[in-house]
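FYI, side chains are in, hydrogens and waters are out, and symmetry mates aren't considered; it's all heavy atoms of this structure.
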Amino acid sequence: AHSQLAEKISGAGAVLARLTKAMNSCMQDKLRHLGVPDVGGLASLAQKFSERRDVDALHNLQGDKIYLYSAEADTTVVGSIVSAARDFYEEVGVPPQNVLFLRKQSGAHAFITRTDGDACGTAEPPYINACDYDQAGAVLKHIHGALVRPSAKKFIRTDENFLVFDQRPFFAGMRNHDLAKHGFLFRPQSCVAEPGCAVHIVFHGCAQSDNAVFTDVALRTGYLRWAQENRLIVLFPHAKPSKANPKGCWDWWGVTGDNYLTKQAPQIRAVRAMLAHLATAG
């Protein structure tokens, strides 16, 4: 929505304008009286980007699976905005049956687990809530299909399957990327022994880029238990705070430049390079 309001502004003014609009129209639903978010307008903008090849063809979305979760206690991103996101995906061609949208009483603005994290409804670091709901499993099953349920025994990671890797080669030569020096990679031993594993990318949330919290995102959300049993490689790329991005968010409002919505966005290019490297490395 913020792109509609600041599309013709460039430079530092655009970043401030987009951030202001993003906070009011893409997190809080305060500009509805101005017609924002305009789902149809956003879909038209996506189509224009596709025609210019700034993004891939929209028909590629027809096989995608979308998972959306909105907690009633979430006052950071309100439910009506998440509903608009659902409507946008359907508008650009994702079949309704491929969009799983859950509105729950459980949790705040956080990742939801069965037993790990802070008390259910807590909105503070590490932004992981124990609400008796396995969100990692729900996400992975919706996207990847039927999966083997993880063993009840305690999961133990090792230095051989949980790797800290240097992200710098993947953003070399880029400016204003807001990417950290290191990211995490989980690769089950079965994927080391035999290639052909699927890759799942987990993007941490805003205020989860602090090194201590980022480790919690990787180790406490539940993704690794499911990945271990189902031959899934899990990539945890890592953004970092900057003066214009103090909470270390991934760039969803243009802090890294005017091309943040396109394939030329530095963060998109860097993560795509990480994925390509995993494919060639087996």
Side-chain angles (χ1 to χ4, degrees), residues 63-67 69 100 110-117 126-172 179-205 208-240 248 250 267-282:
D64 284 3
K65 300 290 186 68
I66 308 298
Y67 173 98
Y69 185 98
L100 177 59
F111 195 91
I112 311 301
T113 73
R114 287 202 184 280
T115 59
D116 208 345
Y127 298 100
I128 299 172
N129 278 190
C131 298
D132 195 27
Y133 175 65
D134 184 357
Q135 192 164 57
V139 169
L140 292 175
K141 286 186 287 186
H142 181 64
I143 294 175
H144 298 279
L147 298 176
V148 175
R149 180 171 291 279
S151 169
K153 65 182 180 181
K154 182 177 176 60
F155 173 79
I156 301 175
R157 71 173 178 91
T158 68
D159 291 340
E160 288 74 29
N161 61 23
F162 186 76
L163 308 174
V164 179
F165 71 94
D166 189 350
Q167 293 191 145
R168 288 173 294 183
F170 302 104
F171 57 77
L179 291 167
K181 292 181 179 179
H182 299 102
F184 296 155
L185 178 73
F186 178 76
R187 186 170 59 172
Q189 184 58 39
S190 61
C191 297
V192 177
E194 181 183 353
C197 289
V199 177
H200 186 85
I201 303 175
V202 176
F203 293 93
H204 60 73
Q208 287 185 323
S209 66
D210 174 85
N211 283 333
V213 176
F214 180 50
T215 302
D216 285 340
V217 172
L219 298 179
R220 300 177 64 189
T221 50
Y223 279 113
L224 304 192
R225 299 180 62 89
W226 285 91
Q228 179 70 43
E229 300 291 339
N230 290 280
R231 285 178 49 80
L232 289 173
I233 295 172
V234 187
L235 173 64
F236 297 90
H238 190 187
K240 69 175 183 179
W250 288 95
Q267 292 182 350
I268 295 293
R269 290 168 56 200
V271 175
R272 182 66 182 85
M274 295 175 196
L275 187 60
H277 179 76
L278 284 174
T280 57

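- With a 4.5 Å cut-off on side-chain heavy atoms, C191 and R231 count as touching.
- Residue A180 comes nearest to F171 through the heavy atom pair O-CE2, 3.4 Å, listed as atom of the first residue, atom of the second, then distance.
- The structure places CG of D132 at 9.0 Å from OG1 of T113, a figure rounded to the nearest 0.5 Å.
- Here the CZ-CG distance, from F111 to N129, works out to 11.0 Å after rounding to the nearest 0.5 Å.
- Nearest approach of P126 to D216, heavy atoms of both residues: CB-OD2, 3.6 Å.
- A distance of 10.0 Å separates NE2 in H144 from NZ in K65, rounded to the nearest 0.5 Å.
- Listed here is the closest heavy atom pair of G248 and A239: O-CB, 3.8 Å.
- Smallest separation of non-hydrogen atoms from K181 and D166: O-OD1, 3.2 Å.
- Between Q189 and N161, the closest side-chain pair of non-hydrogen atoms is not below 4.5 Å.
- Taking the six-membered ring for Trp and thresholds of 30 and 60 degrees, F203 and W250 have ring planes more than 60 degrees apart, a perpendicular arrangement.
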Item to check | V192 vs E160, side chain to side chain contact (heavy atoms under 4.5 Å, CB included): CA-CA, chis, key distance, verdict | outcome: CA-CA 10 Å; V192 177; E160 288 74 29; over 6 Å; no

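- Rounding to the nearest 0.5 Å places CD of Q267 at 15.0 Å from CZ of F170.
- Closest approach of V217 to F236, counting heavy atoms only: O-CE2, 4.1 Å.
- Remark: I112 CD1 to Y133 OH distance equals 9.0 Å, nearest 0.5 Å.
- Looking only at side-chain heavy atoms (C-beta outward), L179 and P237 stay at 4.5 Å or farther from each other.
- Taking 4.5 Å as the limit, some side-chain heavy atom of S151 sits within range of a side-chain heavy atom of E229.
- Ring geometry for F214 versus H204: interplanar angle over 60°, hence perpendicular rather than tilted (30 to 60°).
- Panel note: side chain R187, backbone L235; no donor-acceptor pair is recorded below 3.5 Å.
- When side chains are defined from C-beta on, L185 does not count as touching M274, because their heavy atoms never get closer than 4.5 Å.
- Rounding to the nearest 0.5 Å gives a distance of 8.5 Å between NE2 of H182 and CD of Q167.
- The side-chain heavy atoms of L140 and N230, taken from C-beta on, include no pair separated by under 4.5 Å.
- Scored by the side chain to side chain donor-acceptor pair (under 3.5 Å) test, R149 finds no partners at all (sequence neighbours excluded).
- Evaluation of the side chain to side chain donor-acceptor pair (under 3.5 Å) rule for H142 yields no partner, not counting sequence neighbours.
- Under the 4.5 Å side-chain criterion, counting only non-hydrogen atoms from C-beta, T221 is not in contact with Q135.
- Ring geometry, H238 versus F184: the interplanar angle falls from 30° to 60°, so the pair is classed tilted.
- Minimum interatomic distance between I128 and D116 (heavy atoms only, all atoms of both residues): CG2-O, 3.8 Å.
- Without hydrogens or angle criteria, D210 side chain to A212 main chain gives a donor-acceptor distance under 3.5 Å.
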